[in-house]
Amino acid sequence: MPELPEVETTKQGLIPLLGQQITAVNIRQHRLRQLVPNELHQSVGAQCLSLSRRGKYIILQTSQGNILIHLGMSGSLRLCSPQEEYRKHDHVTLNFDNQLSLRYHDPRRFGLFLWLNTDPLQHALIASLGVEPLATDFTADYLYQKSRNKKLAIKQFIMDSHIVVGVGNIYANEALFASKIHPLTPSNQLQLADYQRLQRHIVDILSAAIIRGGTTLRDFVNSQGEMGYFQQELMVYGKEGQPCIICQKPLQLVRINKRSTIYCSQCQPAFCS
DNA sequence: AAAGACACCTGTCCGC
DNA sequence: TGCGGACAGGTGTCTT
């Protein structure tokens with residue numbers, strides 16, 4: 001479900017929780033990517049101090065510890081009344097003293113809901129992450145240097161969270177199309193000029209998607225239950241066989257690392273060595 | 001150290 | 001209508 005714009009949209013939707021005190025915790029399903037720890041109950045009585053995001057992880061800092069959330073493939077967070085009925089796959093609930101209930105919903109349970117007594121930025125999952133795509137250290141030169149000894153497909157390279165965080169399957173497809181780069185091109189065969197286009201388009205596409213509230217596929221909604229509108233601006237993702245918006249040639253599908261990859265064989269020519 | 005296989009799960013859709 | 005298989009927005013670990 002969520003890529004970086006969806007996670008950012010979700011995080012912004014949690015702002016009503018700032019300054020509020022946690023009054024109750026209910027864990028209905030422990031078995032996510034990692035077990036939801038019973039120590040999460042230590043958050044009862046804690047006040048929410050800040051919200052932040054690192055990659056696709058949401059960090060809720062409280063007066064007694066930190067909550068680390070990842071939405072995986074199918075997770076979502078919503079704010080609702082504490083009286084609202086639980087839905088199937090509502091695994092974790094936090095109630096707050098302003099009569100809001102935070103529900104973590106995740107059918108596939110690939111997500112994460114952790115309680116940390118230590119600095120979340122030092123947590124192994126966070127500390128090993130690459131640069132933020134919307135930060136100043138995400139540059140064409142950074143990508144170029146990092147790619148010199150890697151010959152894996154450029155699509156896999158930009159989707160590697162240890163290189164740059166937040167570029168998931170949808171936006172990787174879109175950024176490569178906008179950059180006119182074939183997704184199978186070995187990353188070490190692209191030149192600095194290629195990375196300049198790619199870097200710029202990754203930033204532009206992620207930024208535009210955040211402004212639109214993310215991409216709604218199937219049932220993704222933000223914490224307010226609203227859908228995103230970036231889907232209307234997708235050029236290639238989910239459009240196999242449809243004419244390329246630039247040259248009208250039908251878009252092609254190739255699987256890279258088991259992930260659907262849509263591209264235009266004319267606008268994104270295969271690399272020739 | 002890079003790169004590939006595999007793991008974790010459920011829901012939906014498509015063809016028979 | 002039912003069933004099996006493929007596929008879905010992610011990411012970690014293990015093996016080669």
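Protein chains get the first letters and strands the later ones, always in sequence-line order, with residue 1 at the start of each. Computation of the quantities below employed the complete heavy-atom set of this structure, encompassing side-chain atoms and omitting hydrogens, waters and symmetry-equivalent molecules.
Residue A:Arg212 contributes atom CZ, which lies 19 Å from atom C1' of C:dG9 at whole-angstrom precision. Distance, A:Gln34 CD to B:dA7 P: 19 Å, rounded to whole Å. In this structure, the NZ atom of A:Lys146 is 16 Å from the C1' atom of B:dA3, given to the nearest Å. For the pair A:Asp106 CG and C:dG10 P, the interatomic distance rounds to 13 Å; values are reported in whole Å. Separating the CG atom of A:Leu234 from the P atom of C:dA8 is a distance of 15 Å, rounded to the nearest angstrom. Between the C1' atom of C:dG9 and the NE2 atom of A:His70 lies a distance of 11 Å, rounded to the nearest Å. Computed from coordinates, the A:Lys155 NZ to C:dG10 P distance equals 9 Å when rounded to whole Å. Remark: C1' of C:dT11 and CZ of A:Phe113 are 19 Å apart, rounded to the nearest angstrom.
Going from the C1' atom of C:dG9 to that of B:dA3 covers 24 Å, rounded to whole Å.
Contact check, A:Asn169 against C:dA8: no side-chain N or O comes under 4.0 Å of OP1 or OP2. Checking the phosphate oxygens (OP1, OP2) of C:dC7, no side-chain nitrogen or oxygen of A:Arg259 falls inside 4.0 Å.
Out of B:dA2, C:dG9, B:dC9, the shortest distance to the side chain of A:Arg108 is found at B:dC9. If you check C:dG10, B:dG11, C:dA8 against the side chain of A:His89, the one that comes closest is B:dG11. Nearest to the side-chain atoms of A:Lys88 among the listed nucleotides C:dA8, B:dG11, C:dG9 stands B:dG11. Among C:dG10, B:dG11, C:dG12, the nucleotide with an atom closest to any side-chain atom of A:His162 is C:dG12.
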*Checking side chain to side chain contact (heavy atoms under 4.5 Å, CB included) for the pair A:Gln29/A:Asp90: CA distance, chi angles, key distance, verdict?*
CA-CA 8 Å; A:Gln29 167 63 274; A:Asp90 278 352; over 6 Å; no
_Candidate pair A:Leu176 and A:Lys155, rule side chain to side chain contact (heavy atoms under 4.5 Å, CB included), full reasoning_ = CA-CA 8 Å; A:Leu176 288 166; A:Lys155 179 165 181 264; 3.7 Å; yes
_Audit row: A:Ser74, A:Asp106, side chain to side chain donor-acceptor pair (under 3.5 Å) steps and yes/no_ = CA-CA 5 Å; A:Ser74 58; A:Asp106 187 3; 2.6 Å; yes
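For A:Thr139 (side chain) and A:Tyr142 (main-chain N/O), a donor-acceptor pair under 3.5 Å exists by modelled atom type. No side-chain donor-acceptor contact under 3.5 Å links A:Ser187 to the backbone of A:Phe157.
The 5' end of DNA chain C is approached more closely, in terms of each residue's nearest nucleotide, by A:Lys258 than by the other of A:Lys258 and A:Arg33. Where A:Asn257 and A:Lys150 each meet DNA chain B at their nearest nucleotide, the meeting point lying more 5' is that of A:Lys150. For the pair A:Ser260 and A:Ser161, nearest-nucleotide mapping onto DNA chain C gives the more 5' position to A:Ser260.
A:Leu152 and A:Met159 are members of different hydrophobic clusters when ILVMFWY side chains are connected at heavy-atom separations under 4.5 Å. No single ILVMFWY cluster, assembled from side-chain heavy atoms under 4.5 Å apart, contains both A:Val36 and A:Leu116.
Contact detail for A:Ala178 and A:Ile205: the closest heavy-atom pair is CB-CD1, 4.2 Å.
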*Given the rule that a pair is Watson-Crick or G-U wobble with both distances under 3.5 Å, how would you write DNA chain C in dot-bracket, using | for pairs to a different strand?*
.|||||||.|||||||
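Taking the six-membered ring where tryptophan is involved, the planes of A:Tyr144 and A:Tyr195 are perpendicular, since the angle between them exceeds 60° and thus also 30°.
A salt bridge links A:Glu84 with A:Arg78: the distance from a Lys NZ or Arg NE/NH1/NH2 to an Asp or Glu carboxylate oxygen falls below 4.0 Å.
There is a side-chain donor-acceptor pair under 3.5 Å between A:Ser101 and A:Arg103.
No close placement of the A:Phe113 and A:His91 rings is indicated, their centers lying 6.0 Å or farther apart.
Counting distance only, with no hydrogens placed and no angle test, the side-chain atoms of A:Arg109 and the base atoms of B:dC9 include no donor-acceptor pair under 3.5 Å.
Results of the salt bridge (Lys or Arg N to Asp or Glu O under 4.0 Å) test with A:Glu8 over A:Arg54, A:Arg53, A:Lys56, A:Arg212 single out A:Arg53 as the only residue that passes.
If you check residues 52-60 of chain A against DNA chain C, the residues with a heavy atom closer than 4.0 Å are A:Lys56, A:Tyr57, listed by number. Within a heavy-atom distance below 4.0 Å of DNA chain C, the residues of residues 117-132 of chain A found are A:Leu125.
Here A:Phe110 lies parallel enough and close enough to stack on the base of B:dC8, with planes under 30° and ring centres under 5.5 Å apart.
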